[in-house]
Structures are given as structure tokens and as C-alpha cells.
J.: 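So that we are looking at the same thing, I have put the structure below in C-alpha cells.
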Amino acid sequence: KHSKSLLDKNSNNEVACKKCKKAEIKKTCRRILTPKMEATSSKAESSLQKSSLDVHAESNKWQYKSTSDTVILSADTESSQDGDSDEGTTPGMDDFSGLSPYEKKRLKNISENANFFASLQLSESAARLREMIKKRQPPESKRKKPKKKENETGCRRSMRLLKVNPSGVSLPATPTQPILVADENPLLPPGPLEMTSENRDDNSELFKGFLQTWAEVSKTRSKNTEKELSSIKSYKANLNGMIISEDTVYKVTKGPIFSMALHPSEIRTLVAAGARSGQVGLWDLTHQPKEDGVYIFQPHSQPVSCLYFSPANPAHLLSLSYDGTLRCGDFSRAVFEEVYRDERSSFSSFDFLAEDASTLIVGHWDGSMSLVDRRTPGTSCEKLINSSLSKIRTVHVHPVHRQYFITAGLRDIHIYDARFLNRSRIKPLISLTEHTKSIASAYFSPLTGNRVVTTCADCKLRIFDSSCISSKIPLLTTIRHNTITGRWLTRFQAVWDPKQEDCIIVGSMAHPRRVEIFHERGKWVHSFLGGECLSSVCSINAMHPTRYILAGGNSSGRIHVFMNESCG
DNA sequence: ATTGTATGGACCC
DNA sequence: TGGGTCCCCTACAA
């Protein structure tokens with residue numbers, strides 16, 4: 001378990017298990033030296049315990065070696081030395097007369113395992129490790145151990161968890177009223193909010209120019225032309241032409257990026273990012289110097305979970321937030337209109353049911369869904385639907401058959417028909433249950449909707465064949481991909497390239513930092529590497545619908561744009 | 001017992 | 001010293 005994560009970081013086979021060297025040493029030693037195994041090693045020659053068979057499977061993969069002061073785990077990449085195939089060559093084990101080949105092999109394995117464990121000298125290592133534990137040598141690591149505070153009991157805990165105030169005085173065990181965090185999340189008033197920039201002078205000529213650009217460039221968008229799917233070869237060639245530079249990296253929000261949208265304009269390169277802080281950062285890359293092209297707004301008081309330019313009018317930027325509002329940023333009027341508001345709820349995702357962006361489906365964090373019609377006055381929804389899901393992370397509408405939409409919850413993926421939504425609990429048309437951990441997202445493929453890609457915490461990206469919605473949709477491909485982003489990084493979401501029906505884009509934990517593209521059949525297609533320009537994890541990525549432009553957002557508000565040189 | 005969630009602190013200019 | 005950046009642990013609760 002340890003070795004895997006640690007090996008990821010290193011190219012060479014041999015790495016010291018840092019974790020074991022560190023605080024976890026005690027646990028690891030126990031793990032290796034279970035009483036059963038110790039018995040195996042001491043009575044190596046004679047004991048034919050069942051447990052050694054289980055261990056054998058593991059020793060095929062990992063060799064436990066002991067050195068003077070640490071436990072070294074090394075990947076056994078070469079053919080196993082246990083030699084499963086060369087029968088009857090093990091010294092001392094030749095007299096198997098009268099036994100079936102299976103039993104011969106079994107006995108051979110058992111004896112080899114016993115020899116192997118004897119050769120490890122586990123009891124000696126154990127003694128040495130016990131010494132180490134006694135001494136409790138501080139591990140040699142770059143990072144210093146967090147300094148223990150005097151009033152803490154040894155573990156790292158926040159003042160809040162310790163239930164003390166910052167001066168160290170214990171707070172009453174049960175606060176009579178909830179602690180106000182107004183400073184962090186200033187509540188925003190209902191109704192339209194003026195577009196007031198957080199980082200620049202609102203009355204400057206530059207700001208007026210910015211608004212004009214974002215309002216007018218939208219009209220220059222070319223109509224969606226039915227493009228032919230490029231072959232993987234030419235697609236790859238196009239991706240290879242995409243580069244990143246200092247000019248295409250910039251911090252556009254305070255704090256982690258939760259959502260991103262690329263403006264469909266084919267002339268200007270406009271990127272929008274929604275942050276955990278509730279900010280929305282807008283960046284016109286065509287503008288130089290780059291700091292003059294960035295404007296930051298605060299249309300929400302909590303994380304902006306979902307962000308889309310309106311397909312009907314790209315001068316509208318719709319933003320959804322945990323704060324229970326859906327707003328529409330209108331650049332021509334310089335306001336963030338309120339489209340839908342439910343303060344009791346927390347919105348996780350939305351999509352357009354109608355292509356003209358008049359009706360929307362909004363997924364709530366608590367598992368319910370809302371149908372919103374923007375043509376009716378007011379900011380309440382038409383219908384509130386309780387799904388059988390306990391949580392909803394993403395909703396996505398089928399690109400062709402727009403009555404279908406897919407939701408990704410904690411464990412389940414559901415596909416619904418929007419025509420049959422009623423107030424009572426509704427049943428999904430299809431529900432997928434193969435995911436074993438929480439699901440981050442589920443998206444239909446962009447042109448036909450014949451595929452679904454899901455991102456799951458079990459470190460697998462799955463691609464399903466959704467070409468036939470009426471029956472079960474079969475699993476097509478599973479791609480192993482580290483999706484454990486941990487506590488501080490935004491969760492990954494694999495998304496389709498809107499112009500390439502069969503390729504997905506996903507952030508990566510790999511070093512050097514990169515954004516990866518995979519084919520629906522599981523083949524690796526491309527890695528966006530940025531050298532010094534890309535040195536952090538891009539969790540949220542968006543590709544331009546027609547051009548070769550990729551924007552990746554990290555967890556400190558920075559956007560990284562890869563594009564064709566000719567686009568700059 | 002397992003699994004999801006929360007949001008702190010070391011390091012680097 | 002301090003602000004910016006990025007990390008992938010881990011206590012706690014459901």
C-alpha cells in the first residue's frame with residue numbers, strides 16, 4: 001500500500017519507503033511482522049502453512065529487503081525469481097513421487113516461499129527495527145515536523161477542533177449560537193449584482209474596454225459547423241503544436257479553482273474561472289500585458305461549482321454556487337443577474353436542458369434537482385425533484401437527445417428522462433452501480449452522446465457505451481489513473497474534448513506536472529507538459545469547442561493555457 | 001470498520 | 001520576515 005504511492009514519485013526501482021521511515025514505522029513493522037509470518041520465518045524449512053501461499057502472491061510483486069537502517073521496498077519488475085515455470089529444479093524438493101503436478105507445484109511453492117522468508121532474516125530485521133522504534137530516530141526529511149504547540153496533546157489540531165479560542169482559553173462546550181464566519185463569506189444580497197472588479201478601477205477606460213470586448217466578441221462567434229472527427233493521428237499532431245509560455249500562465253482568482261469555462265470565440269481567447277472563494281476571474285489572453293486582461297469579480301459568497309457561457313448568447317456567463325444561487329453575468333449590461341435562488345440549498349452542478357439556454361437543470365448537493373425556466377419571472381424554480389441519490393456532484397444533458405441527463409452522486413450514476421420528472425421520488429431510467437467509491441463526475445461525449453466518462457475515487461476512469469439509452473449501458477473501458485487529490489487540491493474531473501468525440505482530458509498527479517489526454521479505448525494520447533510554466537496540479541481543465549486551446553486551473557487560482565502558436 | 005470530508009502549515013523566494 | 005504557493009496527511013464523523 002505504501003510502496004505504490006511512494007514509487008509513483010520515483011523513476012528508479014529502489015526507493016526507501018519514506019512513510020515507514022517516518023512516523024508510520026511502528027505500524028509498518030507490525031504489518032510486515034505479523035505473528036503468522038514470524039512463525040513462517042523461524043520454522044521456515046518445515047512449516048507448510050497456508051498463510052505462506054497468500055504471502056507468495058504479494059512477494060511476486062514486491063520484495064522486502066532489509067538494509068542496515070531502513071526497510072527498502074523495491075518493485076520486482078523483472079521476471080519473478082520464484083520461477084513458477086521451471087518445475088522440479090528446486091534442490092531438495094525432487095522426491096514428489098506419486099503426487100499430481102498441481103500438488104507438486106504447490107509443495108514447491110510452499111518450500112520456496114519458506115526459503116524466501118528464511119533468506120529475508122525477518123527476525124533479525126525485526127530486532128533491528130524494534131531497536132529503531134525504541135530510539136525513535138527523527139526521520140531525515142526535507143519538511144520539518146510541525147512544531148507542537150504547548151497546549152496541544154501531541155497531535156496537530158486546529159484551535160477550532162480543540163474548542164479553544166485563539167488565546168488558548170477553553171470555549172464553552174456547547175456554544176449557544178453558531179459561530180459567525182461573516183468575514184470569510186460575506187453574504188451577498190439577492191437580486192442583480194453590479195459587475196465591480198476586485199482588482200482594478202471600475203471606472204477606467206480599460207474596464208469599459210474589457211466589458212465591451214466580452215460583450216461584443218460573442219457576436220463574432222461562428223455558427224457550429226458540423227466538423228468531421230479528426231483522425232487520432234492528425235489530432236495528435238494538433239495537440240503537439242500546442243504550447244504554454246509565461247504569457248499564458250496567470251493567477252486569476254484568490255484560492256482554488258473549482259470550475260472553468262472557455263469562451264467559444266474564434267478570434268479572442270477568453271477564459272473564465274470560478275473559485276472556492278466565490279470569485280469569478282475573467283482573462284482575455286489577447287490583451288497584453290497579461291495583467292491588463294484579467295478582471296476578478298465576486299458574484300458568489302461560496303464556491304463557484306459550475307460555470308458555462310450561454311450557448312444561446314455567449315455574452316452571458318452562468319455561474320452556479322454552493323451559496324444557493326445561479327447567476328448570469330451579462331457583460332453588455334455589466335451585471336450579475338440572479339437566475340435562481342434557494343438559500344437553504346447548495347448547488348453543485350447545472351446544465352442547459354434546452355439548446356437555447358431557456359431551461360436548466362440544477363443539481364443540489366443534497367441529492368435533489370431543480371428545473372429552472374429562465375423565461376418565467378422570479379428566481380424560484382419550476383420544479384423541485386427529490387432523486388434517490390444522496391448527493392449530486394454533476395449533472396449533464398445528452399447533447400443530442402436533450403431529454404436525457406446524467407447525474408453523478410456519491411456512489412451511483414443515474415440517467416433520467418426530463419419529460420418524466422414529477423414531484424415525488426422519480427426513478428432513473430438507468431443506474432450504474434459498478435463504482436466502488438465516490439464519483440466526481442459523469443459526462444456524455446460531446447457530439448453524439450454515445451459515450452459516458454466517469455471519474456471515481458477508486459482511481460479509475462470508466463467509459464461506458466451509452467449509444468442505447470433504453471437498456472443497460474455497458475462498460476467499455478477502464479483507465480487506471482490516480483484520482484487521489486487529497487485534502488487541499490480540487491478533485492479531478494475527466495472531461496471530453498468538445499471537438500474530439502473519442503478523447504478525454506484529465507488532470508494528473510504525475511511528476512513533472514501534466515494534463516493528460518486518453519482515447520476512449522484507454523490508450524494514452526497526449527501529455528501536456530509545461531516545464532517551468534506548469535509546476536502544479538491542474539485539477540480543472542477545459543478545451544475550446546473549435547480551436548486547439550486548453551485551459552487548466554490549479555488550486556491556487558492560476559490558469560495555464562496551452563495553445564497553438566498561431567492563436568496567440 | 002470503513003469511507004468521505006474538512007481546510008493547515010512548511011517551503012521558497 | 002512575510003506573502004505566495006502548493007502539498008496528497010489524517011482526525012473526525014457519518
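Note on naming: letters A, B, ... go to the chains in the order of the sequence lines (proteins, then strands), and numbering restarts at 1 for each one. Note that the structure is a prediction, hence the values are computed from the model and not measured.
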J.: Tell me every residue that passes ring-ring contact (aromatic ring centres under 6.0 Å, His included) with A:F347, counting only those two or more places apart in sequence or in another chain.
T.: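 Applying ring-ring contact (aromatic ring centres under 6.0 Å, His included) to A:F347 gives A:Y340, A:H364.
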
J.: Just the rounded figure in Å: distance from C1' of B:dG4 to CD1 of A:I484.
T.: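 After rounding, the reported distance stands at 11 Å.
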
J.: Of A:S438 and A:F258, whose nearest nucleotide on DNA chain B comes first from the 5' end?
T.: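 Nearest nucleotide further toward 5': that of A:S438.
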
J.: Are the charged groups of A:D458 and A:R462 less than 4.0 angstrom apart, N to O?
T.: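 Counted as a salt bridge, because a side-chain N and a carboxylate O are separated by less than 4.0 Å.
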
J.: B:dT3 P sits how many Å from A:D458 CG, rounded?
T.: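 Interatomic distance, CG of A:D458 to P of B:dT3: 11 Å.
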
J.: Determine the minimum heavy-atom distance between A:M369 and A:F405, stating which atoms define it.
T.: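 Closest pair (atom of A:M369, atom of A:F405, distance): SD-CE1, 3.5 Å.
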
J.: Does a nitrogen or oxygen in the side chain of A:R513 sit under 4.0 Å from OP1 or OP2 of C:dC7?
T.: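 Result: yes.
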
J.: The side chain of A:R276 is closest to which nucleotide in this list: B:dG4, B:dT7, C:dC7?
T.: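 Closest nucleotide among those given: B:dT7.
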
J.: What is the distance, to the nearest angstrom, from the CG atom on A:L410 to the P atom on B:dT3?
T.: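 About 12 Å, once rounded to whole Å.
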
J.: Starting at atom CG of A:D366, determine the distance to atom P of B:dG4, rounded to an integer number of angstrom.
T.: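 Computing the A:D366:CG to B:dG4:P distance gives 19 Å.
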
J.: Going by the rule side-chain hydrogen bond (donor to acceptor under 3.5 Å, both in side chains), which residues pair with A:H519 if we only count those two or more places apart in sequence or in a different chain?
T.: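 Counting only residues at least two positions away or on another chain, A:H519 forms a side-chain hydrogen bond (donor to acceptor under 3.5 Å, both in side chains) with A:D502.
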
J.: If only side-chain N and O atoms of A:R487 are considered, is one of them under 4.0 Å from the OP1 or OP2 phosphate oxygen of C:dA11?
T.: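 For A:R487, the contact criterion (side-chain N or O under 4.0 Å from OP1 or OP2 of C:dA11) is not met.
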
J.: Take atom C1' in C:dA11 and the same atom in B:dA1, then report the distance between them in whole Å.
T.: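 Comparing C1' positions in C:dA11 and B:dA1 gives a spacing of 16 Å.
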
J.: Hey, what are the protein-to-nucleotides 2-5 of chain C N/O distances that come in under 3.5 Å?
T.:
| from | atom 1 | to | atom 2 | distance (Å) |
| --- | --- | --- | --- | --- |
| C:dT5 | OP1 | A:R558 | NH2 | 2.2 |
| C:dT5 | OP2 | A:K251 | NZ | 3.0 |
| C:dT5 | O5' | A:R558 | NH2 | 3.2 |

J.: Test of understanding: with ring-ring contact (aromatic ring centres under 6.0 Å, His included), list the residues that count as partners of A:Y322, not counting sequence neighbours.
T.: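 Result, ring-ring contact (aromatic ring centres under 6.0 Å, His included) vs A:Y322: none returned.
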
J.: To the nearest Å, give me how far apart CD (A:E532) and P (B:dC12) are.
T.: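 For the pair A:E532 CD and B:dC12 P, the rounded distance is 15 Å.
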
J.: How far does the C1' atom of C:dC9 sit from the matching atom of B:dT3, given to the nearest Å?
T.: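 Pairwise C1' distance, C:dC9 against B:dT3, rounds to 16 Å.
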
J.: What integer number of Å spans the P atoms of B:dA10 and C:dT1?
T.: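 One P to the other, the span is 15 Å.
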
J.: Round to a whole Å and report the spacing from NE2 of A:H511 to C1' of C:dC6.
T.: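 Atom-to-atom, A:H511 to C:dC6, this comes out as 11 Å.
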
J.: Taking ring-ring contact (aromatic ring centres under 6.0 Å, His included) as the definition, give me every residue that meets it alongside A:F350, ordered by chain and number, with sequence neighbours left out.
T.: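 A:F350 satisfies ring-ring contact (aromatic ring centres under 6.0 Å, His included) with A:Y308, A:F352 only.
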
J.: When the distance from CD1 of A:I257 to P of C:dC6 is rounded to whole Å, what number comes out?
T.: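 Those two atoms, CD1 and P, are 11 Å apart.
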
J.: Determine which pairs satisfy salt bridge (Lys or Arg N to Asp or Glu O under 4.0 Å) with at least one residue from residues 277-291 of chain A, sequence neighbours left out, and list them in order.
T.: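 Sorted result for residues 277-291 of chain A: A:R268-A:D284.
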
J.: Rounded to whole angstroms, how far apart are CH2 on A:W365 and P on C:dA14?
T.: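 Taking atom P of C:dA14 as the reference, CH2 of A:W365 is at 15 Å.
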
